[in-house]
Asks: 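Can you read through this structure? Questions will come right after.
Both ligands and their constituent atoms are indexed starting at 1 by order of listing. Heads up: numbering here begins at 1 and tracks the sequence.
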Amino acid sequence: MTTHISERVQALAPSATLAMSQKSNELKAQGVDVINLSVGEPDFETPAHIKEAAKRAIDENYTFYTPVPGYLSLRKAVSEKLSRENGVSYAPEQIVVSNGAKQALCNVILATINPGDEVIIPMPAWVSYVEMVKLAGGTPVAVNADITQDFKITPTQLRTAITPATRMILLCSPSNPTGSVYSRQELQGLVDVLAEYPDIIILADEIYEHINFIGSFTSLGSFPETADRTVIINGVSKAYAMTGWRIGYCACPLWLAKAVNKLQGQYSSNASSIAQKAAEAAYTGPQDCVEEMNRAFERRRNLVVELARAIPGLGVNCPQGAFYLFPEVSAYIGKTTPEGNKIASSADLAMYLLEVGHVATVDGGAFGMEGYIRLSYATSDDNIREAMARIANALAQLK
Ligand code: PMP
Ligand code: GLU
């Protein structure tokens, strides 16, 4: 049969983070000793009390379909978490639990964006945002914030990007891929602009909330001026080292929660019942595991920044959250490898670092910013030291 792929899927770019990670795993399978700094996921095991809750859920037969938006007990736990930790008020009916924050984001975008609608995305941004907006037929509008502004957009930039077609802004803080964190004051500056445009939905991806080294976290949902149209995306993947369990959620206005519920009811139903019970344990159980992991990430952040700053030619900021470093590498673009190949882009550089340095990173171009690479430092101190030594050595060979 001839292949028949929809234009919708043909137009999608594959996920560069997942592709690079797969390439690194393939090289590893061939016996190459690759250090994988590409995919962003905590390297810790899921805490024991959460795993126990999942085992109990199986024994207690939490094995049937659940309500489409998730068990009420889990949505209550999320609602309480939002109020306790973030000072925001979303009733259980305003929460829809999905297969990870990824599906929660895609649900909200598909439920609100029509062809022609513009979605403002500060760049660099996580690889999937632009593709999700394209899937909905919307138009991504990039607002660039490079290292000179610590990768954070200003209120003036935001105002300039808004047009009558703007339907949404998608903001991620702490940020993937840069680790930058907007302070409460910086968020207030953006909210002041958005308050003038009541038809713009604010989609706040707060998945890295707990991996945050500034000591406090401000949720975008906590600004009364815009709270009624702010959608919070969060989940257990990063805070509780539960990437494989696939539990995330949106907390949103009731009209939107109903629309998301309808959409999800037709194409995936509920997230795994067992994983939902595990997530409930994560939100209601002891929280010291979150703080312990955060401390480990902060120590690694300090290490990776110190080592990266010692490499000539890299532009390195000091990220305040998440587990990514986004060094500027343009000093190496235009150079030539010992084999005589030209490094024409940051994508070429990431490939060179993988093939010659045996370190997997992700090209900044995949996040909408050429001239940078992303390193995920969610790995051991030893791996970080070895990876940075390999990167330094590979870069030193470029002429
Ligand atoms: N948002 C951001 C910014 C992310 O980095 C990720 C992880 N890839 C997600 C959402 C999705 O997380 P998950 O689907 O694992 O909950
Ligand atoms: N958050 C991760 C990353 O950016 C997971 C991979 C993905 O879903 O993109 O690497």
Asks: At less than 4.0 angstrom from any non-hydrogen atom of Gly40, what atoms of ligand 2 do you find?
Replies: 1 (N), 2 (C), 3 (C), 5 (C), 10 (O)
Asks: Looking at ligand 2, is there an atom of it that comes within less than 4.0 Å of some heavy atom belonging to Lys102?
Replies: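 Checking ligand 2 against Lys102, which is what was asked, there is a heavy-atom contact under 4.0 Å.
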Asks: Could you tell me, atom by atom, which parts of ligand 2 come under 4.0 Å of a heavy atom of Tyr208?
Replies: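 Within the 4.0 Å cut-off of Tyr208, ligand 2 contributes 1 (N).
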Asks: With a 4.0 Å cut-off on heavy atoms, does Phe367 reach ligand 2?
Replies: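 It does not, in that no heavy atom of Phe367 comes within the 4.0 Å cut-off of ligand 2.
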Asks: For Gly100, state whether at least one heavy atom is located under 4.0 Å from any atom of ligand 1.
Replies: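 Yes, Gly100 has a heavy atom closer than 4.0 Å to ligand 1.
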Asks: Between Leu18 and ligand 2, does any nitrogen or oxygen pair lie at a separation below 3.5 Å?
Replies: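 For ligand 2, there is no N or O atom that lies under 3.5 Å from one belonging to Leu18.
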Asks: For Phe323, which part has a heavy atom under 4.0 Å from ligand 1: side chain, backbone, both, or neither?
Replies: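 Under 4.0 Å from ligand 1, Phe323 contributes no heavy atoms.
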Asks: Provide the number and element of each atom of ligand 2 under 4.0 Å from a heavy atom of Tyr324.
Replies: 1 (N), 2 (C), 3 (C), 4 (O)
Asks: What part of Glu41, side chain from CB on, backbone N/CA/C/O, both or neither, has a heavy atom under 4.0 Å from ligand 1?
Replies: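 No part of Glu41 comes within reach of ligand 1.
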Asks: Counting only nitrogen or oxygen atoms and a 3.5 angstrom limit, does Lys238 reach ligand 2?
Replies: yes
Asks: Taking the basic N atoms (NZ, or NE/NH1/NH2) and the acidic carboxylate oxygens, is any pair closer than 4.0 Å for Arg84 and Glu80?
Replies: no
Asks: Using a 4.0 Å heavy-atom cut-off, say whether Ala101 meets ligand 1 through its side chain, its backbone, both or neither.
Replies: both
Asks: Under 4.0 Å, counting heavy atoms only: does Gln103 come that close to any atom of ligand 1?
Replies: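 Contact absent.
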Asks: Identify the two heavy atoms, one from Thr230 and one from Pro253, that lie closest to each other, and give their separation to 0.1 Å.
Replies: O-CD, 4.1 Å
